[in-house]
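See structure below.
A quick note: this is a predicted structure, and the numbers were derived from the prediction, not measured.
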Amino acid sequence: MAIARTGVYVDDYLEYASTLPAELQRLLNTIRELDERSQSMIHQTRQQTKYCLGLSSQSSKKWNNNHSYNNNEEDEAAIEKIRKEIEANQDNALSLCTEKVLLAQQAYDLVSFSFNHIV
């Protein structure tokens, strides 16, 4: 009876082990894709932040030199719009990074489970 159980266990393990490389590859590819997307968002956020800071400094110079209140309101509205876009990008990048961590944990568990069954 023990031999029959061992044979089933070995068959189950071999079936599981044969899918390991494909599953691990899928997880790692997904992590890479998410990383590329999050890096793109982070780069865009940096560009928007630089632009926003440039608008802010230009706006304060206009206010000091011309006291042009209308331009200042337009600049403030543009800065507020960009600030909201920056926050949205940061939230999206954080979500992607959280998803990457979860996928990395799945990959770790997959490999750990495989090694524990080998030993």
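Shown here are the side chain to side chain contact (heavy atoms under 4.5 Å, CB included) partners of Gln25, two or more places apart in sequence or in another chain: Asn29.
To the nearest 0.5 Å, atoms NZ (Lys81) and CD (Gln48) are separated by 10.0 Å. Note that CD1 of Ile79 is 10.0 Å distant from CD1 of Ile86, once rounded to the nearest 0.5 Å.
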Let me have the donor-acceptor pairs involving side chains of residues 37-46, under 3.5 Å, with sequence neighbours excluded, atom names and distances please.
residue: Ser38; atom: OG; partner: Leu34; partner atom: O; Å: 3.3
residue: Ser38; atom: OG; partner: Asp35; partner atom: O; Å: 3.0
residue: Thr45; atom: OG1; partner: Met41; partner atom: O; Å: 2.9

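Here the shortest heavy-atom pairing between Ala107 and Leu24 reads CB-CD1, 3.7 Å. Nearest heavy-atom pair across Leu27 and Gln106 is CD2-OE1, 3.3 Å.
Ile31 and Val111 fall within a single hydrophobic cluster, where Ile, Leu, Val, Met, Phe, Trp and Tyr side chains are chained together by heavy-atom contacts under 4.5 Å. A single hydrophobic cluster is not seen to contain both Leu102 and Leu96; linkage of ILVMFWY side chains at heavy-atom distances under 4.5 Å, directly or through other members, places them apart.
Using a 4.0 Å cut-off between charged nitrogen and carboxylate oxygen, Arg83 and Glu80 count as a salt-bridge pair.
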Legend entry - Verdict with supporting geometry, Glu87 and Lys84, salt bridge (Lys or Arg N to Asp or Glu O under 4.0 Å): CA-CA 5 Å; Glu87 285 179 1; Lys84 288 180 181 179; over 6 Å; no
Inset, instruction - Quick one: do Asp109 and Gln105 satisfy side-chain hydrogen bond (donor to acceptor under 3.5 Å, both in side chains)? Show the steps, please. - result: CA-CA 6 Å; Asp109 291 344; Gln105 183 64 47; 2.8 Å; yes
